[in-house]
Novice: 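Here it is, the structure, as structure tokens.
One-based numbering, in listed order, for ligands and for the atoms of each.
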Amino acid sequence: MKKVLAMLMVIAMVASVAALAGCGNSSETTTDAEKTYIIYSDNAFAPFEYLDTDTNAYVGVDMDLMAAIAEDQGIKYEMHNEGFDASMGAVQSGQADAMIAGMTITDERKETFDFSDAYFDDGQVIVAKAGTTMDDLKGKTVAAKTSTVGGEYAESIKDEYGFTINYYEGSDNMYQAVSTGADVACVEDFSVIGYAIKTGEVDLAIISEEPANVKGYGFAVQKGQNAELIEKFNAGLKSIKASGKYDEILAKYGY
Ligand code: GLN
């Protein structure tokens with residue numbers, strides 16, 4: 001009898017501990033104000049997010065916009081600068097609540113992500129050593145970044161120009177491949193390569209005409225998840241546009 005009682009007590013204890021733990025994790029009892037959102041981003045995509053080697057901190061338009069919007073809306077968050085493809089995977093698997101990574105809003109991505117209002121517009125260009133022409137791509141390899149619209153753009157024109165594609169995880173790896181001659185060219189968002197050229201980080205030139213597929217960048221969550229976070233992001237974006245903070249952030253990075 002004693003044994004049975006002891007067992008029952010143990011079961012009751014385990015059950016109450018489990019219930020407590022369950023409560024702590026439940027989104028019903030955790031208000032938005034208490035929640036710390038996990039936000040992923042790219043790590044070598046200046047001027048949107050890149051490592052400031054002086055302070056060893058990630059800086060950039062996205063980092064500053066997120067901080068300003070979070071302050072305006074009282075959002076608590078933790079930033080993880082892990083790369084673009086890793087960010088997409090983290091949001092899709094639920095490991096991250098959201099991503100802000102110079103991410104282009106596309107209809108295809110809208111099937112798996114919910115986006116904020118657009119906060120910047122950009123399109124893709126082809127980049128190579130100065131003097132290279134689009135005709136020089138024939139029979140060569142062109143670098144593109146995994147999971148990006150730049151990669152999609154490269155796929156869409158590869159037959160017309162007769163090149164094949166090598167994929168890289170980071171924009172920095174891509175630029176290096178072109179600089180060393182491993183690939184004849186790469187595809188990149190216009191503002192990003194423009195910034196790298198302007199700052200002297202790369203000695204490359206834009207060889208295509210106008211940026212292709214110009215679209216907005218958006219903050220993204222997994223489709224159907226964290227709707228309150230998208231609402232807050234949009235409200236904060238409006239607010240920092242009205243206050244002049246948005247313009248101030250862009251001006252800081254040369255826009
Ligand atoms: N804007 C591009 C895309 O969304 C590239 C983003 C990035 O490399 N961080 O695919």
Novice: Give the atom numbers and elements of ligand 1 that come within less than 4.0 Å of a heavy atom of Tyr217.
Specialist: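 Near Tyr217, meaning under 4.0 Å from one of its heavy atoms, ligand 1 has 1 (N).
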Novice: As an exercise, identify every atom of ligand 1 less than 4.0 angstrom from a heavy atom of Thr148.
Specialist: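 This gives 5 (C), 8 (O), 10 (O) as the contact atoms.
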Novice: Verify the cluster assignment for Ile157 and Val184: are they in a single hydrophobic cluster under the rule of side-chain heavy atoms below 4.5 Å apart?
Specialist: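 Same cluster: Ile157 reaches Val184 through Ile, Leu, Val, Met, Phe, Trp or Tyr contacts under 4.5 Å.
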Novice: Looking at Val149, which atoms of ligand 1 are within less than 4.0 Å of one of its heavy atoms?
Specialist: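 Atoms satisfying the 4.0 Å criterion: 2 (C), 3 (C), 10 (O).
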Novice: Among Thr146, Asp183, Asn173, Thr148, exactly one meets side-chain hydrogen bond (donor to acceptor under 3.5 Å, both in side chains) together with Tyr168. Which residue is that?
Specialist: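 Filter result, single survivor: Asp183.
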Novice: What protein heavy atom lies closest to atom 2 (C) of ligand 1? Include the residue and the distance to one decimal.
Specialist: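 Nearest neighbour among protein heavy atoms for atom 2 (C) of ligand 1, to 0.1 Å: Asp189 OD2, 3.4 Å.
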Novice: In terms of residue, atom name and distance, what is the protein heavy atom nearest to atom 8 (O) of ligand 1?
Specialist: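 Answer for atom 8 (O) of ligand 1: Lys145 NZ, 2.7 Å.
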Novice: Give a yes or no on this: more than 12 heavy atoms of other residues, nucleotides or ligands lie within 6.0 Å of atom CD of Glu71.
Specialist: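 No, the 6.0 Å shell around CD holds no more than 12 heavy atoms from other groups.
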Novice: Could you tell me whether Lys35 and Asp97 have a side-chain N and a carboxylate O separated by less than 4.0 Å?
Specialist: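 Yes, charged N to carboxylate O under 4.0 Å.
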Novice: Heavy-atom distances under 4.0 Å decide this one: backbone, side chain, both or neither, for Phe48 against ligand 1?
Specialist: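 It is neither part, as no heavy atom is under 4.0 Å.
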Novice: Assign the ring pair Phe48 / Phe45 to parallel, tilted or perpendicular, where the plane angle (0 to 90°) is split at 30° and 60°.
Specialist: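 If you compare the ring of Phe48 with that of Phe45, the planes turn out tilted.
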Novice: Within ligand 1, which atoms have a heavy atom of Phe45 less than 4.0 Å away?
Specialist: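 Answer for ligand 1: 5 (C), 6 (C), 7 (C), 8 (O), 9 (N).
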Novice: Is the backbone of Val59 close enough, under 3.5 Å, to the side chain of Asp52 for a donor and an acceptor to pair up by distance?
Specialist: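 No; judged by distance alone, with no hydrogens or angles, the pair does not exist.
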Novice: Please check whether Ala101 reaches ligand 1 - meaning an N/O of the residue sits under 3.5 Å from an N/O of the ligand, judged on distance alone.
Specialist: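 Among all N and O atoms of Ala101, at least one is under 3.5 Å from an N or O of ligand 1.
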Novice: Do any N/O atoms on Glu49 end up under 3.5 angstrom from N/O atoms on ligand 1?
Specialist: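 Between Glu49 and ligand 1 (N or O atoms, distance only) the closest approach is not under 3.5 Å.
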Novice: Would you compute the distance between atom CE of Met88 and atom CZ of Arg109 and round it to the nearest 0.5 angstrom?
Specialist: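 Answer rounded to 0.5 Å: 4.5 Å.
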Novice: Starting from atom 6 (C) of ligand 1, what is the nearest protein heavy atom, named by residue and atom, and what distance separates them?
Specialist: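 Answer for atom 6 (C) of ligand 1: Gly102 O, 3.3 Å.
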Novice: State the atoms of ligand 1, each with its element, that fall below the 4.0 Å cut-off from a heavy-atom position in Phe84.
Specialist: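 Contacts of ligand 1 toward Phe84, numbered from 1: 3 (C), 4 (O), 6 (C), 7 (C), 8 (O), 9 (N), 10 (O).
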Novice: Between the main-chain N or O of Gln124 and the side-chain N or O of Asn213, is there a donor-acceptor pair closer than 3.5 Å?
Specialist: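 Between the backbone of Gln124 and the side chain of Asn213 there is no qualifying donor-acceptor contact (under 3.5 Å).
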Novice: Below 4.0 angstrom, N of the basic side chain to O of the carboxylate: do Asp42 and Lys145 qualify?
Specialist: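 So Asp42 pairs with Lys145 through a salt bridge.
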Novice: Hey, which atoms in ligand 1 end up nearer than 4.0 Å to a heavy atom of Met103?
Specialist: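 The atoms of ligand 1 under 4.0 Å from a heavy atom of Met103 are 4 (O).
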Novice: Hey, is ligand 1 close enough to Ser147 that some N/O pair sits below 3.5 Å?
Specialist: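 No.
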Novice: Which one of Tyr246, Tyr253, Tyr217, Phe219 satisfies the ring pair (Phe, Tyr, Trp, His ring centres under 6.0 Å) criterion with Phe120?
Specialist: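 The single option meeting the ring pair (Phe, Tyr, Trp, His ring centres under 6.0 Å) with Phe120 is Tyr217.
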Novice: Of Gln124, Met99, Arg109, Glu188, which has the heavy atom at the shortest distance from atom 3 (C) of ligand 1?
Specialist: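 Looking at heavy atoms only, the winner is Arg109.
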Novice: Determine, using heavy atoms of Gly150 and all atoms of ligand 1, whether some pair is separated by less than 4.0 Å.
Specialist: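 No, that is not the case, since the closest heavy atom of the residue is not under 4.0 Å from the ligand.
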